[in-house]
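One structure is given below, encoded as structure tokens.
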Amino acid sequence: MPLLVGVGGSSTAGTVAAVREIRGDVAMVVVPPYTRPGAAGVLAHLRAVAAGSPVPVVVYHVPYRTGQPLDVTSLLEIAAIPGVVGMKLSDGAVSGDTVAFLGGLPAGFSVLGGDDAVIAPLLAIGAAGGILASAHVATGAFVALAEAWRDGDVGRGRRLGTALAAVSAALFAEPNPAVIKAVLHATGRIPTPDVRLPLLPASAAATSAALRALDRVTAAATTG
């Protein structure tokens, strides 16, 4: 399987140097965080990184963490950069701008949803897949969701999408990845639920709620 490696930071030179050192097939490069260079600065940064990268680049757009929003025109300019083959899109709720962006993608460019709770509508309007923390606890169900939308099985896609959105909401009820690790530990898939400060362990109530939601999605995944 191809290996996608996350890399990047506020420094263009540092990001180019890091990309050149990765041992993988694709580099996922975050929009420069904290500095908020504006759309023109982001484009210049990504052009420099893509030009210096020995592997294809997937851009990670997550404005609620980077502090850098981008409009549809800027997103489509990113999609046109040579060497940039996709985007992990984590800009919140699906909106008219989301529809316009996915409707204007160049050939060969893929959008991967990064906001777990809205992956179903993103798949429905053309996303190629997702990079989702919630998929650690319900991998098969998320695969089935993607397959349902790919195959035009709207009924199953809606059922799974509703159930998985509830799982994602429960898993993100407390700072990520505390609840995810607690659920993985409770189901015997990792040896400890521990997280590192400043994160705190998930509460018992949040863990129980997530396990109940997971039971419901398991039932939905095995229906029709």
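The residues of the chain are indexed from 1 along the displayed sequence.
- Listed by chain and number, the hydrophobic cluster partners of Val58 are Leu4, Val26, Met28, Val30, Tyr60, Val62, Tyr64, Val85, Leu112, Ile131, where partners are ILVMFWY side chains within reach of under 4.5 Å, directly or through others.
- When hydrophobic clusters are built by joining Ile, Leu, Val, Met, Phe, Trp and Tyr residues whose side-chain heavy atoms come closer than 4.5 Å, directly or via intermediates, Val195 is not grouped with Val183.
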Which atom pairs, donor and acceptor, lie under 3.5 Å between side-chain atoms of residues 204-211 and protein residues at least two apart or in another chain?
from: Thr207; atom 1: OG1; to: Ser203; atom 2: O; distance (Å): 2.9
from: Ser208; atom 1: OG; to: Ala204; atom 2: O; distance (Å): 3.0

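- Of the inter-residue distances, the one linking Ser74 atom OG with Phe101 atom CZ reads 10.5 Å to the nearest 0.5 angstrom.
- When every heavy atom of Ala50 is checked against every heavy atom of Val84, the shortest pair comes out as CB-CG2, 4.0 Å.
- Counting only heavy atoms from C-beta outward, the side chains of Val57 and Leu46 never approach each other to under 4.5 Å.
- Pairing each heavy atom of Pro201 with each of Ala178, the nearest pair is C-CB, 4.3 Å.
- The main-chain N or O of Val49 is never found under 3.5 Å from a side-chain atom of Ser53 such that the two would form a donor-acceptor pair.
- By the 4.5 Å heavy-atom criterion applied to side chains, Lys88 and Val59 are not counted as neighbours.
- Put simply, OG on Ser110 and CG on Leu105 are 8.5 Å apart, with the number rounded to the nearest 0.5 Å.
- Looking at Leu89 and Thr98, their side chains come closer than 4.5 Å, going by heavy atoms from C-beta outward.
- Taking both residues in full, the closest heavy atoms of Gly113 and Ile119 are given as CA-CD1, 3.8 Å, listed atom of the first, atom of the second, then distance.
- Ser134 OG to Ile180 CD1: the interatomic distance, rounded to the nearest 0.5 Å, is 5.0 Å.
- Annotation: salt bridge (charged side-chain N to carboxylate O under 4.0 Å, His left out) contacts of Glu77 (sequence neighbours excluded): Arg47.
- Judged as a salt bridge (Lys or Arg N to Asp or Glu O under 4.0 Å), not a single pair has a partner in residues 177-196 (not counting sequence neighbours).
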Donor-acceptor list for residues 136-150 side chains, cut-off 3.5 Å, not counting sequence neighbours:
from: His136; atom 1: ND1; to: Ala133; atom 2: O; distance (Å): 3.0
from: Thr139; atom 1: OG1; to: Ala135; atom 2: O; distance (Å): 2.5

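- With values rounded to the nearest 0.5 angstrom, Leu164 atom CG is found 12.0 Å from Arg159 atom CZ.
- Shown here for Ala117 and Ala165, the closest heavy-atom pair between the two residues is O-CB, 3.6 Å.
- Residues passing the side chain to side chain contact (heavy atoms under 4.5 Å, CB included) test with Asp25 are Pro2, Leu3, sequence neighbours excluded.
- Here the shortest heavy-atom pairing between Ala27 and Val55 reads N-CG2, 3.7 Å.
- Side-chain heavy-atom separations under 4.5 angstrom define the hydrophobic clusters, and the remaining members of the one that includes Leu197 are Leu200.
- Two different hydrophobic clusters hold Leu199 and Leu184 under the rule that ILVMFWY side chains link at heavy-atom gaps under 4.5 Å.
- For residues 104-123, the set of pairs meeting the salt bridge (Lys or Arg N to Asp or Glu O under 4.0 Å) definition, not counting sequence neighbours, is empty.
- Checking side-chain atoms of Thr15 against main-chain N and O of Gly9 turns up a donor-acceptor pair under 3.5 Å.
- Listed by chain and residue number, nothing satisfies the side chain to side chain contact (heavy atoms under 4.5 Å, CB included) test with Pro82 (two or more places apart in sequence, or in another chain).
- Among residues two or more places apart in sequence or in another chain, the side chain to side chain contact (heavy atoms under 4.5 Å, CB included) test is passed with Ala173 by none.
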*Show your working on side chain to side chain contact (heavy atoms under 4.5 Å, CB included) between Asp71 and Asp97 and close with a plain yes or no.*
CA-CA 8 Å; Asp71 61 16; Asp97 284 351; 5.8 Å; no
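- In terms of the side chain to side chain contact (heavy atoms under 4.5 Å, CB included) criterion, residue partners of Arg36 (sequence neighbours excluded) are, by chain and number, Gln68.
- With rounding to the nearest 0.5 Å, the separation of CG in Leu102 from CD1 in Ile125 is 5.0 Å.
- Shown here for Thr35 and Pro32, the closest heavy-atom pair between the two residues is OG1-CB, 4.1 Å.
- The backbone N or O of Pro33 lies less than 3.5 Å from a partner atom in the side chain of Ser10, making a donor-acceptor pair.
- Residue pairs meeting the salt bridge (Lys or Arg N to Asp or Glu O under 4.0 Å) criterion with at least one member in residues 9-24: none, sequence neighbours excluded.
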